[in-house]
There are 2 protein chains.
Amino acid sequence: MEIATIKDIAKALNLSTSTVSRALRGSYEINPETKRIVLECAEKLNYRPNPIALSLKENRSRAIGVVVPEIDNPFFSQAINGIESIAYNRGYHVVIFQSHESYDREVVNIQHLASRRVDGVLISLSGQTTHVEHLKELHSKGMPIVFFDRFSDEINTHKVVADNYQGAFDGTEHLIKSGKKYIAHLAASPTLSITRERISGYQAALEKHGIPYNEDFVKYCNFSIEDMEKVIDELLSQPILPDAIFTVSDRLAMACLKILKKRNIRIPEDMALMGFTNLKVAELLSPSFTSVIQPALEMGQRAAELLLDMVEKKSKNPVYQTVKLPTELIIRDSTKIVTD
Amino acid sequence: MEIATIKDIAKALNLSTSTVSRALRGSYEINPETKRIVLECAEKLNYRPNPIALSLKENRSRAIGVVVPEIDNPFFSQAINGIESIAYNRGYHVVIFQSHESYDREVVNIQHLASRRVDGVLISLSGQTTHVEHLKELHSKGMPIVFFDRFSDEINTHKVVADNYQGAFDGTEHLIKSGKKYIAHLAASPTLSITRERISGYQAALEKHGIPYNEDFVKYCNFSIEDMEKVIDELLSQPILPDAIFTVSDRLAMACLKILKKRNIRIPEDMALMGFTNLKVAELLSPSFTSVIQPALEMGQRAAELLLDMVEKKSKNPVYQTVKLPTELIIRDSTKIVTD
DNA sequence: AATATTTACGCAATCGTTGTCGGCAACGTT
DNA sequence: AACGTTGCCGACAACGATTGCGTAAATATT
């Protein structure tokens, strides 16, 4: 890993490093002939400026940190795809961290990011996160932060989210219009913004159609398979069974589908099933799966753009916005109207 | 982003930066009392060593670069998950790059990585990559490189791969034992190592069971949806139709499934379908999907471990190994034996 | 008491690069 | 001839941290 430095060029040409530096940047006060020679030599030695030295000098790293609960989750990997594409085009690198839905890991990740001197942070909160002092501290020190998908109201900054309320409303209304009356809602962690928004949408749709809200039909669960199965079991062992389940994540939807199949509960005849998912194979599932789809890629792109704008503009009066992207309801067989 | 430096501590305590530095690292030649004061002050100022300054001095970044074709692909996101977990535990950060299956992008990514001074590179080659001069150059300069999944024989270094030959052999044999005789193989780019290995396994299984190898049953395709559909169309419009298709990627398997369903071709009665996939929802597909599964997470972990061992050990006599991890054949309905 | 050793700290160089300053020529201007 | 201007370039400091070397004072040794 011996890489030529500006000094090597200077030594080879018997010039000072200042002159070489200026020649490389095309400064007007360098003789064109000297420039030519320097550039030639740089080419020959395959000179590449050392970004670490620049970072030290300019006090910035041209890297942004991304903290997600799990990379290995279609929604987040699609979002990261969007983030990477924007960052790449604007000359930034993307450093990835996973919180694994753990608050403690998230805190440690944030500490790493801070000491790493990334230029900005994109984050989607872990399911365990209930307070955000770790982010507040970072933010108060001037670190640009943009939330996507899962945010906290306690920090005033840009947020990019799906229209969870409308998505849940549309999905629930679709279930109602399909003739379902006992609609369960399998929610994620009650502390997450997305959870609250989706439950609001769910409730609003029920209310609009005069269906009473039944607390027993709303279940929260974390992201472990065990917990999901336990909660689904609970739901299915109540005196009044739901005739539809609206789940809020890829994994939850799949866990439901699996359990319902195992129990030979017919979908959608006995139970309609729908999810807030980003699975590309939804249409190939059995039955094909009705989903409220979030624009994950676009969310990542928009969040990255907002972040890099913050990073690059020194405007001390940022007008923070919350970008709300529309969801899309794709209706398939798992919520088909049963005509019998 | 005003972060306290060692100078701030020195100034506050009226000490030299050398003393502060040594006190922080617990050097024996610093008075215990002085150490106490320094540590206290560092705590108060929330001092964090600047990794960029360290990088410059030590000529290393404590970051590794990862180049994958697409993050948004279950196999690679699972592998990155494994990479991140190992890197995290060993104090390294992970910088992500996507080649989008493009050779040109891959070259640019490698250039970025090189000038970025990452300490090592994990790479899975793009589908377009036919020569690896860009990597050779990097490798010859001493940059530790470890391949995972898709490697090149032209570079002598660690490789972590699935046992593609055996996986393809097992899968093909399973199809044969299910009564299939006209087994097509939908391969990826012919330049990829995994493609060659899998075709070998496929051929070996055919040979073992006395089934003639038919060139028309082996089709290559790149990673675009259009190309996949074109190739599948070609396969299905031949005079002799296959009675089984063995696909080699998630996307290809899904494209196949979709087209076969659209054409009302019954699976597995008319056509068995099997893939080299890492979809977690394989069992929930319709029909449930037989797959040769690669240990993606473990591949990422092993590759990261090998890379970090190289990075940290200055042993100038590395014995390069090719780690071959076993695949697992999960038999489901899409290749069920039809008894009629 | 004179010398040797230990303790505890500061100075300055270093990593690669850039910005500030200054300087030395070779001009042009009066 | 004396002065100002311009073109072109080098020395030095700085970014944050570490480290080899030097050294004063305190202590130990003879």
Side-chain angles (χ1 to χ4, degrees), chain A residues 1-39 41-42 45-63 91 112 114-119 141-142, chain B residues 1-39 41-42 45-63 91 112 114-119 141-142:
Chain A
M1 276 291 59
E2 309 279 310
I3 298 186
T5 73
I6 232 171
K7 284 185 188 172
D8 298 323
I9 301 177
K11 215 170 293 173
L13 300 177
N14 213 21
L15 287 170
S16 75
T17 58
S18 329
T19 303
V20 175
S21 171
R22 279 187 282 254
L24 290 172
R25 331 203 99 240
S27 163
Y28 67 95
E29 46 178 335
I30 299 294
N31 190 319
E33 175 62 11
T34 310
K35 275 186 197 170
R36 201 187 54 72
I37 297 178
V38 169
L39 288 175
C41 181
L45 297 179
N46 194 28
Y47 168 79
R48 303 270 170 247
N50 185 328
I52 295 176
L54 282 177
S55 291
L56 181 60
K57 209 160 171 36
E58 298 175 0
N59 204 29
R60 64 157 176 184
S61 58
R62 285 204 166 271
H112 277 178
S115 71
R116 256 267 141 177
R117 264 71 164 184
V118 293
D119 294 341
K141 282 186 188 158
Chain B
M1 276 291 59
E2 308 278 313
I3 298 185
T5 74
I6 228 171
K7 285 184 188 172
D8 298 323
I9 301 178
K11 216 170 293 173
L13 301 177
N14 214 21
L15 287 169
S16 75
T17 60
S18 338
T19 303
V20 174
S21 172
R22 277 187 277 252
L24 290 172
R25 333 201 96 239
S27 164
Y28 67 96
E29 48 177 331
I30 299 295
N31 189 318
E33 175 62 11
T34 310
K35 274 185 196 168
R36 202 184 55 69
I37 296 177
V38 169
L39 288 176
C41 184
L45 297 180
N46 194 28
Y47 169 78
R48 303 269 168 247
N50 186 329
I52 295 175
L54 283 177
S55 291
L56 181 59
K57 192 145 181 48
E58 298 175 0
N59 205 27
R60 65 160 175 180
S61 58
R62 286 202 165 272
H112 277 178
S115 72
R116 256 267 142 176
R117 264 70 165 183
V118 293
D119 294 341
K141 283 187 186 159

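The figures that follow rest on heavy atoms only: side chains count, while hydrogens, waters and symmetry mates do not. Residue numbering restarts at 1 for every chain, and letters A, B, ... go by the order of the sequence lines.
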(request) Please check the phosphate of dG10(D) (OP1 and OP2 only) for any side-chain N or O of Thr17(A) closer than 4.0 Å. (result) no
(request) Could you check how far CD1 of Ile30(A) sits from P of dG7(D), rounded to whole Å? (result) 13 Å
(message) If you take any heavy atom closer than 4.0 Å to DNA chain D, which residues from residues 6-14 of chain A end up in contact?
(response) Asn14(A)
(message) Please enumerate all residues that pass side-chain contact (heavy atoms from CB on, under 4.5 Å) together with Thr19(B), with sequence neighbours excluded.
(response) Leu15(B), Ser16(B), Ile30(B), Thr34(B)
(message) Using whole Å, what does the distance between atom P of nucleotide dC9(D) and atom NZ of Lys35(A) come to?
(response) 10 Å
(request) Could you tell me the separation between the NZ atom of Lys57(A) and the C1' atom of dA13(D), rounded to a whole number of Å? (result) 8 Å
(request) Tell me whether the OP1 or OP2 atom of dC9(D) has a side-chain N or O from Thr19(A) closer than 4.0 Å. (result) no
(request) Return the set of residues passing side-chain contact (heavy atoms from CB on, under 4.5 Å) with Lys7(B) (not counting sequence neighbours), or none when no residue passes. (result) Thr5(B), Thr17(B)
(message) Under 4.0 Å, heavy atoms only, any strand: does Tyr47(A) hit a base, just the sugar-phosphate, or nothing?
(response) sugar-phosphate
(request) Estimate the overall bend of the helix from dA1(C)-dT30(D) to dT30(C)-dA1(D) from the end axes over five pairs each, rounded to 10 degrees. (result) 70°
(request) Identify the 5'-most and 3'-most nucleotides of DNA chain C with at least one atom closer than 4.0 Å to a non-hydrogen atom of chain A. (result) dC15(C) to dT20(C)
(request) May I have all residue pairs that pass side-chain hydrogen bond (donor to acceptor under 3.5 Å, both in side chains) and include part of residues 20-33 of chain B, sequence neighbours excluded? (result) Glu33(B)-Arg36(B)
(message) Output the rounded distance in Å from CD (Glu29(B)) to C1' (dA24(D)).
(response) 14 Å
(request) Under 4.0 Å between any heavy atoms, over every strand shown, what does Arg22(A) touch: base, sugar-phosphate, or nothing? Just pick one. (result) base
